[in-house]
Amino acid sequence: MLQTLRVHHPERHPPPVQSPRSEAELLGRTRAFAGCTLAEVAASAGVALPAEPARAKGFVGTLVERALFVCPKPGAAGPDLAELGIEIKTIPLAAGGQPRESTFVCTLPLGRLEHDTWETSAVRKKLARVLWVPVEHDRALAFGARRLGAAWLWSPSEAEDATLRADWDAVQRLVLRGAVETLDARLGTALQVRPKARHGGMRVRAPGEGEVPTSTMPRGFYLRATFTAAIVRACYPSAQ
DNA sequence: GATTGATCATAC
DNA sequence: GTATGATCAATC
């Protein structure tokens with residue numbers, strides 16, 4: 001199962017130095033890492049494993065991007081690979097293939113929701129094409145020993161798009177009514193809204209009940225694990 | 001044990 | 001403050 005990384009032998013297999021230019025190139029590049037441990041991927045990318053993995057929450061996602069030579073523009077919104085319109089998401093899977101966490105999509109644009117529709121939303125743009133990169137997430141497994149699985153490309157089906165739209169519309173209605181404080185993670189069947197901030201004291205402006213805006217905690221859109229579990233079942237049969 | 005709410009790190 | 005990348009940890 002263990003595969004040798006091409007980049008382990010740069011003299012024989014020159015590593016890529018540019019962002020992938022096609023879906024096939026991206027997929028091939030990613031699948032070369034299937035079966036590799038995080039320690040191996042980190043070595044190939046020339047980065048050290050975190051001393052305290054529990055405090056390095058975004059490490060795996062950033063590591064995979066670096067290993068793939070995908071370099072999103074710093075500070076820029078939108079998909080990781082803007083030209084291909086592809087978003088890269090690592091997804092932590094338990095031994096049985098169940099996602100262990102929800103998937104962050106993007107910030108809830110509380111101040112701009114009035115001018116947004118599902119069709120123009122950042123959620124829809126980001127989820128239009130996703131490269132899912134499965135990563136073992138087993139408590140008994142040391143951080144560096146976790147392995148990547150075989151990645152796959154996904155786009156929402158019509159039914160999935162309709163579900164996401166309904167959830168997104170409900171959030172928009174609620175926020176524009178000035179009821180942002182009643183918004184919590186229980187709303188939405190596929191897409192949910194949860195806090196997304198450095199600490200609990202963070203505040204952003206949102207529509208209030210009258211003309212006056214209110215101040216509230218920043219939030220983000222997340223895909224429920226039940227939703228991504230269905231995607232994994234359909235697209236990643238090796239996770240049975 | 002799954003879900004919700006809170007938080008960690010980094011760059012600009 | 002914004003964006004990127006998520007997972008931790010308290011609660012149900």
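Letters A, B, ... are given to chains in the order of the sequence lines, protein chains preceding strands, and every chain is numbered from 1.
A:S102 has its side chain within reach of A:R194: a pair of non-hydrogen atoms, C-beta onward, lies under 4.5 Å apart. Looking at A:V47 and A:F59, their side chains come closer than 4.5 Å, going by heavy atoms from C-beta outward.
Ring orientation note: the planes of A:F221 and A:W168 are close to parallel, at an angle under 30° on the 30°/60° scale.
A donor-acceptor pair under 3.5 Å links the side-chain atoms of A:R29 to the main chain of A:L68, judged by distance alone. Under a 3.5 Å cut-off, the side chain of A:R147 and the backbone N or O of A:E136 do not form any donor-acceptor pair.
For A:H137 and B:dA2, the NE2 to C1' distance is 14 Å, given to the nearest whole Å. The interatomic distance linking A:F143 (CZ) with B:dC8 (C1') rounds to 13 Å, in whole Å. One interatomic measurement links the two molecules: CZ of A:R219 to P of B:dT7, which rounds to 14 Å at whole-angstrom precision. Straight-line distance from the CZ atom of A:F59 to the C1' atom of B:dT10: 13 Å, rounded to whole Å. Residue A:M217 contributes atom CE, which lies 14 Å from atom P of B:dT4 at whole-angstrom precision.
When heavy atoms are screened at a 4.0 angstrom cut-off, A:A56 is found touching no nucleic acid atom at all. At the heavy-atom level, A:G58 lies under 4.0 Å from base atoms of the strands shown. Within the 4.0 angstrom heavy-atom criterion, only backbone atoms of the sugar-phosphate kind lie near A:R112; the bases stay farther away. Contacts of A:S102 with the nucleic acid, taken as non-hydrogen atoms under 4.0 Å apart, include base atoms. Nucleic acid contact class of A:P50 (heavy atoms, under 4.0 Å, all strands): none. Backbone-only engagement by A:E87 is indicated by non-hydrogen atom pairs under 4.0 Å involving sugar-phosphate atoms exclusively. Across all strands, A:R224 comes closer than 4.0 Å only to sugar-phosphate atoms, never to a base (heavy-atom distances). Among the atoms of the strands shown, base atoms are found under 4.0 Å from some heavy atom of A:Y222.
Listed in residue order, the members of residues 190-206 of chain A having a heavy atom less than 4.0 Å from DNA chain B are A:Q192, A:R194, A:P195, A:K196, A:A197, A:R198, A:H199, A:G200. Sorted by residue number, the members of residues 160-186 of chain A with any non-hydrogen atom under 4.0 Å from DNA chain B read A:D184, A:A185, A:R186.
Of the two residues near DNA chain C, A:V60 and A:P218, the one whose nearest nucleotide lies more 5' is A:P218. Checking A:R146 against A:G78, the closest nucleotide of DNA chain C that is more toward the 5' end is the one next to A:G78.
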key: Intermediate values then yes/no, salt bridge (charged side-chain N to carboxylate O under 4.0 Å, His left out), A:K89 and A:E87   = CA-CA 7 Å; A:K89 289 292 181 198; A:E87 176 72 16; 3.4 Å; yes

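Cluster membership for A:V133 and A:L84, using ILVMFWY side-chain heavy atoms within less than 4.5 angstrom, is shared. Cluster annotation: A:L148 and A:F143 are assigned to the same hydrophobic cluster (Ile/Leu/Val/Met/Phe/Trp/Tyr, side-chain heavy-atom contacts under 4.5 Å, transitive).
Between A:G97 and A:L93, the shortest heavy-atom contact is O-CD2, 3.5 Å. Annotation for A:K196 and A:G220: closest pair CB-N, 3.7 Å, computed over non-hydrogen atoms.
Scanning DNA chain C 5' to 3' for nucleotides with an atom closer than 4.0 angstrom to a non-hydrogen atom of chain A gives a first and last hit of C:dG1 to C:dC8.
Salt bridge annotation for A:R129-A:E23: present, with a cationic side-chain nitrogen under 4.0 angstrom from a carboxylate oxygen.
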